[in-house]
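Only one structure is covered here, and it is reproduced in the block below.
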Amino acid sequence: AALADELAALLADEPRALLGAIYVSEGSRMGSMVVGRALANTFGLPAATGHGLDYHFEGVERVPARFAALRAELDALVLDGAARNAIERCALRTMTAFHDTFAAPEVVA
C-alpha cells in the first residue's frame with residue numbers, strides 16, 4: 001500500500017515515472033530466470049515449466065527479447081532532467097519495495 005501511495009504521488013507530477021517501475025518489474029523477470037535455474041539445480045528438477053517452478057520459467061524464451069526491446073525504447077526516449085529523475089526515483093522505490101517484500105521475515109500467502 002505504501003508503494004502504491006508513493007507511486008501515485010510520483011505519477012501525479014510526472015506520469016512517465018511509471019517507466020521506472022516497469023523497468024524494474026521486467027528486469028526482475030530476467031533475474032528470476034537465474035534464480036529459477038539455481039532452484040531447479042538445488043531441488044534436482046528440470047529447469048522448465050511443469051515442475052513447480054513455473055513462475056521462473058514461463059515465457060522464458062520471450063523474456064530476454066522483451067526486456068531488450070524495453071531498454072531500447074527507453075534509451076530512445078528524449079527526456080528532460082525532471083522526467084529522468086522521476087523515472088529513477090520510481091525505479092529505486094520499486095526495487096526497494098521488492099527487496100523489502102522478499103526480505104520480510106514472514107510471507108503472507
Side-chain angles (χ1 to χ4, degrees):
L3 175 62
D5 291 342
E6 290 178 42
L7 293 182
L10 273 173
L11 295 174
D13 292 334
E14 176 53 76
R16 294 173 290 185
L18 187 57
L19 293 170
I22 293 168
Y23 179 82
V24 169
S25 297
E26 286 295 309
S28 74
R29 282 292 289 144
M30 293 289 293
S32 172
M33 293 175 355
V34 173
V35 169
R37 283 189 289 276
L39 287 171
N41 186 46
T42 298
F43 293 120
L45 298 170
T49 57
H51 302 282
L53 299 172
D54 288 7
Y55 170 78
H56 300 286
F57 298 112
E58 191 169 65
V60 72
E61 64 281 347
R62 294 182 308 274
V63 172
R66 189 175 67 203
F67 188 65
L70 172 65
R71 286 194 58 184
E73 288 183 36
L74 290 174
D75 288 344
L77 290 176
V78 177
L79 300 168
D80 60 27
R84 285 186 177 277
N85 190 0
I87 291 168
E88 290 170 4
R89 284 193 330 262
C90 187
L92 179 60
R93 181 59 187 104
T94 302
M95 182 57 81
T96 300
F98 280 12
H99 172 270
D100 292 350
T101 298
F102 291 109
E106 52 187 57
V107 176
V108 178

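Hydrogens, waters and symmetry mates are skipped; everything else that's a heavy atom, side chains included, is used.
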Quick check: closest heavy atoms across [X] and [Y], and the distance to 0.1 Å?
| X | Y | answer |
| --- | --- | --- |
| Ala17 | Leu10 | CB-CB, 4.3 Å |
| Glu58 | Arg29 | O-NH2, 2.7 Å |
| Met30 | Pro64 | SD-CA, 3.7 Å |
| Val24 | Ala91 | CG2-O, 3.4 Å |
| Ala40 | Pro46 | CB-O, 3.9 Å |

How far does [atom1] of [X] sit from [atom2] of [Y], to the nearest 0.5 angstrom?
| X | Y | atom1 | atom2 | value |
| --- | --- | --- | --- | --- |
| Leu70 | Asp75 | CG | CG | 9.0 Å |
| Leu11 | Leu18 | CG | CG | 5.5 Å |
| Glu6 | Thr94 | CD | OG1 | 9.5 Å |
| Arg89 | Thr96 | CZ | OG1 | 13.0 Å |
| Glu73 | Leu19 | CD | CG | 9.5 Å |
| Met95 | Tyr23 | CE | OH | 8.5 Å |

Do [X] and [Y] share a hydrophobic cluster, counting only Ile, Leu, Val, Met, Phe, Trp and Tyr and linking them when any side-chain heavy atoms are less than 4.5 Å apart?
| X | Y | result |
| --- | --- | --- |
| Val63 | Val35 | no |
| Ile22 | Leu7 | no |
| Phe67 | Ile87 | yes |
| Tyr55 | Met33 | no |

Is Arg84 atom CZ crowded by more than 12 heavy atoms from other residues, nucleotides or ligands, each under 6.0 Å away? no
Greater than 12 external heavy atoms within 6.0 Å of Arg66's CZ: yes
Is the NZ or CZ atom of Arg37 both under 6.0 Å from the centre of the six-membered ring of Phe57 and within 45° of that ring's axis? no
Determine whether a donor-acceptor pair (N or O, by modelled atom type, separation under 3.5 Å) exists between the side chain of Thr42 and the backbone of Ala38. yes
